[in-house]
Number of protein chains: 2
Amino acid sequence: MEVFRCSPIRGFLLDITGVLYNSSPNTLGIAIPGSIDAIDRLYSESRVRFVSNESSESRGELARKLKKLGFNLKEEHIFTPAPVAIQYLKQHALKPHLLVHQGALKEFADMSKGEPNCVVMGDAECDFTYDAMNEAFRVLTALDDPLIITLGFGKFYQRVDGPCLDVGGFAKALQYATDARIVTFGKPAESFFLAAIKDMRLSKDEVVMIGDDIVSDIGGAMKVGIRAVQVRTGKWRYYDSSFLFCSVNKNSIVLVAQ
Amino acid sequence: MEVFRCSPIRGFLLDITGVLYNSSPNTLGIAIPGSIDAIDRLYSESRVRFVSNESSESRGELARKLKKLGFNLKEEHIFTPAPVAIQYLKQHALKPHLLVHQGALKEFADMSKGEPNCVVMGDAECDFTYDAMNEAFRVLTALDDPLIITLGFGKFYQRVDGPCLDVGGFAKALQYATDARIVTFGKPAESFFLAAIKDMRLSKDEVVMIGDDIVSDIGGAMKVGIRAVQVRTGKWRYYDSSFLFCSVNKNSIVLVAQ
């Protein structure tokens with residue numbers, strides 16, 4: 001067993017899907033055992049923010065769903081990619097063709113309509129039909145400098161009925177066919193982690209990222225100098241983890257190598 | 001204008017979609033003006049084989065459709081990827097999970113059923129639903145050495161209503177999510193061109209490949225030492241062609257640089 005001594009932990013960044021709960025296509029989903037109590041304890045001892053690549057519903061709907069499942073958390077503590085992407089679209093005078101989940105359309109309600117000059121892709125789930133993919137493809141084909149903006153770039157996520165394809169692969173499909181540029185918002189983008197840390201008025205070395213995705217959560221955080229631990233819930237089982245996370249307290253992270 | 005003198009041409013390899021006709025989702029499609037006469041002339045002067053990555057219907061159905069459109073050609077002169085892939089599956093004791101067009105299922109009717117150990121992907125068109133992609137993803141996720149076999153690897157093709165996404169991008173999507181190996185049958189695989197040339201009892205330097213796809217048709221043929229010319233029908237307009245094809249006769253290919 002190895003014990004790593006670290007600088008004091010004053011805040012936590014938490015992924016949501018696969019860490020707090022497993023999503024479901026038709027129901028609220030299921031809270032992961034112990035997670036509701038864990039959030040209460042973290043809130044009582046530290047600052048907490050949630051960094052999720054969720055893009056199949058708005059931040060408000062996600063917050064309401066989590067509250068219904070029993071979580072005590074504040075909507076304003078949840079960071080999702082759509083608001084950041086919308087800010088970028090407005091700054092760059094971009095008019096998006098939306099290839100997002102029906103539930104996410106309302107987030108883009110006040111965007112400019114008309115001739116699109118980019119495609120925005122989220123986790124559209126069943127709205128990733130062939131016709132919808134083709135429509136986005138034709139928009140990109142007509143542009144001189146085709147641009148895809150993605151809300152996250154995940155490979156897959158855990159749903160109660162099993163692992164499910166996330167937006168990343170579908171963006172790769174359109175990129176292959178069009179040679180489009182891709183700009184990603186959400187994890188693992190550094191700015192996304194930093195916005196949540198800034199909101200806690202902490203620095204990178206005072207926080208720990210907790211997630212189930214070795215690429216977006218763990219790799220993304222560690223690449224920008226944030227400590228990270230992978231939980232053994234959600235999709236962790238599909239990865240070859242090199243360590244088993246045991247416990248985190250305010251002064252140390254205890255890890256057991258597998 | 002540049003004139004390239006080449007060794008005598010004794011045979012032609014022709015792509016079908018975008019060269020002979022433009023396909024349509026609900027009808028026979030439309031013969032490209034002049035193509036029916038051109039095939040008659042080529043048949044009267046040379047040997048001819050058709051090398052198509054078509055995988056949304058069987059070779060027999062494709063031949064019947066082309067005959068209905070007015071083409072005089074022989075079914076046994078059409079080469080498609082599915083029969084070659086099926087031979088490979090049998091040789092390697094592979095049991096496929098099929099992610100192909102409904103119209104192509106019957107080609108695989110005599111394959112082993114049971115626990116799949118690979119995914120076969122063709123141009124599934126509207127059968128590329130999210131659920132179908134997810135089902136294939138879950139098959140691959142459960143394998144120690146995930147393998148995707150593709151019938152062609154095209155970016156897109158021309159349909160009467162516009163350009164349409166081909167199988168390549170969807171295979172890229174599943175590869176991104178699973179790190180699967182990909183084995184491709186059809187163009188641009190060398191063995192595919194060579195099988196058709198062997199069938200004409202000719203050598204590579206005696207034939208010319210004619211197609212609209214700069215990657216699969218033109219690039220694929222030239223990479224293995226076969227002369228190739230790109231027609232200005234089908235999807236040619238989406239590429240930056242460096243030359244304009246003017247005419248081919250038995251002794252020379254005349255090209256005009258753009």
Side-chain angles (χ1 to χ4, degrees), chain A residues 25 56 99 101-102 119 121-144 146 148 150 153-159 161-180 182 213-216 235 237-240, chain B residues 25 56 99 101-102 119 121-144 146 148 150 153-159 161-180 182 213-216 235 237-240:
Chain A
S56 62
L99 181 48
H101 195 282
Q102 288 290 321
V119 167
M121 299 180 74
D123 172 24
E125 292 187 327
C126 285
D127 295 323
F128 276 131
T129 63
Y130 181 72
D131 285 346
M133 286 287 284
N134 226 24
E135 202 181 343
F137 163 66
R138 290 179 184 185
V139 167
L140 291 169
T141 298
L143 299 175
D144 287 336
I148 300 169
T150 69
F153 208 79
K155 293 185 174 195
F156 67 96
Y157 59 93
Q158 187 67 13
R159 211 167 62 180
D161 59 332
C164 288
L165 285 169
D166 201 350
V167 62
F170 292 95
K172 284 273 184 190
L174 287 183
Q175 185 184 41
Y176 175 70
T178 62
D179 296 321
I182 292 182
D213 189 314
I214 199 77
V215 179
S216 294
K235 59 190 159 189
R237 74 176 72 91
Y238 301 101
Y239 297 117
D240 290 325
Chain B
S56 64
L99 180 47
H101 195 281
Q102 289 290 322
V119 167
M121 299 181 73
D123 172 25
E125 292 187 328
C126 286
D127 295 322
F128 276 131
T129 63
Y130 182 73
D131 286 344
M133 285 287 284
N134 225 25
E135 202 180 342
F137 164 67
R138 290 179 184 185
V139 167
L140 292 168
T141 298
L143 300 174
D144 288 335
I148 300 169
T150 68
F153 208 80
K155 294 186 173 194
F156 67 96
Y157 59 94
Q158 186 66 13
R159 212 167 59 180
D161 59 332
C164 288
L165 284 169
D166 201 351
V167 62
F170 292 94
K172 284 272 183 192
L174 287 182
Q175 185 184 40
Y176 174 70
T178 62
D179 296 321
I182 293 182
D213 188 313
I214 200 76
V215 179
S216 294
K235 59 190 158 186
R237 74 176 71 89
Y238 302 100
Y239 298 115
D240 289 324

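Below, chain A is the first sequence line, B the second, and so on; all start at residue 1.
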One should read off an interatomic distance between B/Arg138 CZ and A/Asp161 CG, to the nearest 0.5 angstrom, of 4.5 Å
When the 4.5 angstrom heavy-atom criterion is applied to A/Phe137 and chain B, the contacting part is side chain
Let me have the donor-acceptor pairs involving side chains of residues 162-169 of chain B, under 3.5 Å, with sequence neighbours excluded, atom names and distances please.
none

In this structure, CD of B/Glu125 is separated from CG of A/Asp131 (nearest 0.5 Å) by 10.0 Å
When the 4.5 angstrom heavy-atom criterion is applied to B/Asn134 and chain A, the contacting part is both
Applying a strict 4.5 Å limit to non-hydrogen atoms, the region of B/Asp179 in contact with chain A is side chain
Between A/Tyr176 and B/Phe153, does the ring centre distance come in under 6.0 Å? yes
